[in-house]
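First comes the structure, then the notes that go with it.
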Amino acid sequence: MATVSGIHHVTAICDTAGQNIAFYADLLGLRLVKRTVNFDAPDSYHLYYGDETGRPGTLVTFFAWPDALQGRLGTGQAESIAFAVPPGSIEHWADRVGRRGINAEEVERFDERLLRFHGPDALRLELVEAEVDTEPWAGGSVDPEHAIRGLYGVTLAVEGYERTADLLGTMGYDPVGEERDRFRYTVTGDAGSILDVRCRPDLRRGRIGVGSVHHVAFRTADGASQREWRETLAERGLDVTPVLDRKYFESIYFREPGGVLFEIATDGPGFTVDEPEASLGEELQLPEWLEPRRAEIERDLPMIFYR
Ligand code: ZN
């Protein structure tokens, strides 16, 4: 039986692109690997951050919706995004975010130390001390000794966890522990292999908006394995989209039984298909089918006020 190999990327909604870049690139030290538009709504930015080349498992991405309402945290959503940092680096990070006036709290969970705080737009973020065998982006703003190594995982908030857990089993996740209302699952992968499901019947249904996670994408090797996933999920009665060309990967989307929007994305072709590795993220990139509309799209996009 096939398994997904961890999280490919997590996509959230932010207010302005400038504030987003200042936080994720400058403060967290991630590389802005792609500056493009939302392919389904090209009047808004889609920004991708990751390691040097934006490998799957290191990616967090944002739709910039400056005119949207603030989202409401609730069930049927991912409630937080966790990044992996090297053991012993929490103090460095507490100091780093503290100097930006961000209140961070150190907590322990499943015998691991983590720092939690809010990013821009009140998005919940965590830095978890974990042994991850990957290199950080050497060109980042953070000392490589402490720098983010990629995604650690996400926490989903659902009303009841059983049906979500059952689907995770199909996707290759194994249960590895529980702590209060939190059920932990892992899958084999080199980054982003943790999925926590929190059972939150006390919460209302979440409302998507600024500061919300839009969807969680999982990795599959290629188009052939993705088509197999599509069949497997459809056989379970889930409504799965056709394969969509996201230029840097191909995607299918479906809502898991707890209401969270999931995606399964191919590992390739990656972010160097339209610009060289050395200058990733510097210029606005458009897919071929939007290139004829470049002048209009550039005119309608908001200016990025950054520094
Ligand atoms: Zn996605």
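A quick note: this is a predicted structure, and the numbers were derived from the prediction, not measured. Residues: numbered from 1 along the sequence shown. Whatever order the structure lists ligands and atoms in, that order sets their numbers, starting from 1.
Restricting E263 to its N/O/S atoms, the shortest distance to the Zn ion (ligand 1) is reached by OE1. Nearest to the Zn ion (ligand 1), among the N, O or S atoms that H215 has, is NE2.
Not one N or O on the side chain of E108 forms a donor-acceptor pair closer than 3.5 Å with the backbone of D111.
Taking 2.8 Å as the criterion, H8 does not count as a coordinating residue of the Zn ion (ligand 1), since none of its N, O or S atoms falls below it. For a distance bound of 2.8 Å, the N, O or S atoms of H9 include one lying that close to the Zn ion (ligand 1).
Tested against T155, the residues R109, R184, R182 include a single side chain to side chain donor-acceptor pair (under 3.5 Å) partner, R182.
Put simply, the side chain of V33 reaches to within 4.5 Å of the side chain of L59, judged on heavy atoms.
Environment of CD in E291: crowded, with over 12 heavy atoms of neighbouring residues, nucleotides or ligands closer than 6.0 Å.
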